[in-house]
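Keep in mind it's a predicted model, so treat the numbers as computed, not measured.
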Amino acid sequence: MRTDKTILVLGGTGKTGRRIVDQLRALGADPRVGSRSAPLPFDWENPQTWPAALNGVQTVYVSFFPDLAAPDAPDAIRAFTEQAVRARVEKLVLLSGRGEAEAQVCEQIVAGSGVEWTVLRASWFNQNFSENYLLEPVLEGEVVLPVGDIPEPFVDADDLADAAVPVLTQDGHHGKIYELTGPRLLTFADAVSEIATASGRPVAFVSVSAEEYATALKEAGLPDDTVGFLIYLFTTVLDGRNAQVEDGVRQILGRPARDFADYARATAATGVWSPR
């Protein structure tokens, strides 16, 4: 494991990035945090910040905000990859999404960069229920989404970080695409039920149409492009194309992925799902 190379972690204060930064620091590395608030700021919407953030960097964890499924993602990833190559970056590790056509375009851009590359293709994160937009609905006791009985192999963000660190710091992962999922399939109703059991609180799941969900989002003040993006994720990516478990976590780490029930119990114990 090499910790002497300079590693830039984009989204270094986000769901996966901060976990990776913490692990790298625990190993004695000094990763560069890629965020708008960092000493060397990085902003996906401001390419002028990219050269300084990349200066002297050998390895980059590429996490695009908001998601590689966003319409502007391929152009941004292409421009960033070209800048990284000019900066003499040696390795790019791309966080990607399963079943997203735009994400696969981005994967091809990185794979064609001419430098060492690896793709971590992840399913939906467990932590979306505790660190993201689904936390408030859980606290309110009702999770309303435009999804039915299509199952998803939810993956834990800690597993993603555990897998990303050796990929960033070790050889042997060049040219590989790892499918990172949890160990079993759950519908969103199943996941919410497990959260209710673990937290000891009534939390209901309600399935609505895409039209009803879009209307509710707009009434909540979300811009049209954000609403369209969320509808795309729920109605297209969750159409059954990803309803299979893969073993990318085991391939990298030699152990099974964390089960959603274990995540739910551990998260409930922190009190994050307890109304204040």
### Task
Could you walk me through whether F205 and V147 pass the side chain to side chain contact (heavy atoms under 4.5 Å, CB included) test, one step at a time?
CA-CA 10 Å; F205 174 77; V147 293; 3.5 Å; yes

### Task
With side chain to side chain contact (heavy atoms under 4.5 Å, CB included) as the test, would you mind laying out the steps for L94 and W117 before giving the verdict?
CA-CA 8 Å; L94 177 69; W117 63 273; over 6 Å; no

### Task
Check the pair Y263 / F260 against ring pair (Phe, Tyr, Trp, His ring centres under 6.0 Å), numbers first and verdict last.
CA-CA 5 Å; Y263 152 78; F260 190 91; 5.2 Å; yes

### Task
Using the side chain to side chain donor-acceptor pair (under 3.5 Å) rule, take E152 and N242 through it: C-alpha gap first, then chi angles, then the decisive distance, then the call.
CA-CA 7 Å; E152 171 75 8; N242 297 323; 4.7 Å; no

### Message
Between Y232 and E102, is the side chain to side chain contact (heavy atoms under 4.5 Å, CB included) condition met? List the steps.
### Response
CA-CA 12 Å; Y232 166 78; E102 294 85 355; 3.0 Å; yes

#### Entry: Trace of the side chain to side chain contact (heavy atoms under 4.5 Å, CB included) decision for E179 with Q244
CA-CA 10 Å; E179 297 265 356; Q244 62 274 334; 6.0 Å; no

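Within the 3.5 Å criterion, the main-chain N or O of A84 finds no donor-acceptor partner in the side chain of W50. For the pair D190 (side chain) and T187 (backbone), a donor-acceptor distance under 3.5 Å is present. Judged purely by atom type and a 3.5 angstrom limit, R32 has no side-chain atom pairing as donor or acceptor with the backbone of V57. T81 contributes a side-chain N or O that, together with a main-chain N or O of I77, makes up a donor-acceptor pair within less than 3.5 Å. Without hydrogens or angle criteria, T270 side chain to A266 main chain gives no donor-acceptor distance under 3.5 Å. Using modelled atom types, no side-chain atom of T118 and backbone atom of K176 make a donor-acceptor pair closer than 3.5 Å. A donor-acceptor contact shorter than 3.5 Å links the side chain of K91 to the backbone of V167. For E142 (side chain) and L139 (main-chain N/O), no donor-acceptor pair under 3.5 Å exists by modelled atom type.
I109 and L95 are members of different hydrophobic clusters when ILVMFWY side chains are connected at heavy-atom separations under 4.5 Å. Following chains of ILVMFWY side-chain contacts shorter than 4.5 Å, one can reach F154 starting from V272, so the two form part of one hydrophobic cluster. No path of Ile, Leu, Val, Met, Phe, Trp and Tyr side chains, each step under 4.5 Å between heavy atoms, connects V9 with L68, placing them in separate hydrophobic clusters. Under the 4.5 Å side-chain contact rule for hydrophobic residues, L8 and V93 do not share a cluster. F188 and F125 are members of different hydrophobic clusters when ILVMFWY side chains are connected at heavy-atom separations under 4.5 Å.
Nearest heavy-atom pair, F64 versus A70, reported as atom, atom and distance to 0.1 Å: CE2-CB, 4.4 Å. Nearest heavy atom pair, residue P137 against residue Y133, reads CD-O, 3.3 Å. Counting all heavy atoms, side chain and backbone alike, S123 lies closest to P153 at OG-O, 2.7 Å. T181 approaches V249 most closely through the heavy-atom pair O-CG2, 4.0 Å. S63 and T16 make their closest contact through OG-OG1, 4.4 Å (heavy atoms, listed as atom of the first residue, atom of the second, distance). Scanning both residues, R18 and G14, for their nearest heavy atoms gives CG-O, 2.8 Å.
S130 places a side-chain heavy atom less than 4.5 Å from the side chain of W273. Residues V33 and T13 meet the side-chain proximity criterion, which asks for heavy atoms closer than 4.5 Å. Side-chain contact check for L92 versus S113: some heavy-atom pair is nearer than 4.5 Å. E90 places none of its side-chain heavy atoms less than 4.5 Å from the side chain of T59. For the pair R25 and P31, the minimum side-chain heavy-atom distance is below 4.5 Å. The shortest side-chain heavy-atom distance between P166 and I252 falls under the 4.5 Å cut-off. Inter-residue side-chain proximity for L238 and L233 is flagged as unmet; no heavy-atom pair is nearer than 4.5 Å. R36 is not listed as a side-chain neighbour of F42, based on a closest heavy-atom distance of 4.5 Å or more.
Atom CZ of F65 has 12 or fewer heavy atoms from other residues, nucleotides or ligands within 6.0 Å. Sparse packing is recorded around CZ of R88, with 12 or fewer heavy atoms of other residues, nucleotides or ligands lying under 6.0 Å away.
Note on R121 versus E107: salt bridge recorded, some NZ/NE/NH1/NH2 to OD/OE distance being below 4.0 Å. R19 and D22 are not joined by a salt bridge, as no carboxylate oxygen comes within less than 4.0 angstrom of a charged side-chain nitrogen.
Applying the ring pair (Phe, Tyr, Trp, His ring centres under 6.0 Å) definition to pairs two or more places apart or across chains, none involves residues 91-112.
Going from atom CG of D149 over to atom OG of S207 covers 7.5 Å, rounded to the nearest 0.5 Å. The distance from atom OH of Y213 to atom CG of L145, rounded to the nearest 0.5 Å, is 5.0 Å. In this structure, Q104 CD and I177 CD1 are separated by 8.0 Å, a value rounded to the nearest 0.5 Å. T49 OG1 to L40 CG: the interatomic distance, rounded to the nearest 0.5 Å, is 10.0 Å. Taken to the nearest 0.5 Å, the CZ atom of R258 stands 7.5 Å off from the CG atom of N126. With values rounded to the nearest 0.5 angstrom, D43 atom CG is found 11.0 Å from L10 atom CG.
Looking only at atom types and distance, the side chain of Q127 has no donor-acceptor partner in the side chain of N132 under 3.5 Å away. Between the side chains of D239 and T236, no donor N or O sits under 3.5 Å from an acceptor N or O.
Checked against the 6.0 Å centroid threshold, F129 and W124 do not count as a close aromatic pair.
For D259, the side chain to side chain contact (heavy atoms under 4.5 Å, CB included) partners are P183, R184, A261, D262, not counting sequence neighbours.
Considering D156, L160, D159 as possible partners of L180, the one that fulfils the side-chain contact (heavy atoms from CB on, under 4.5 Å) test is L160.
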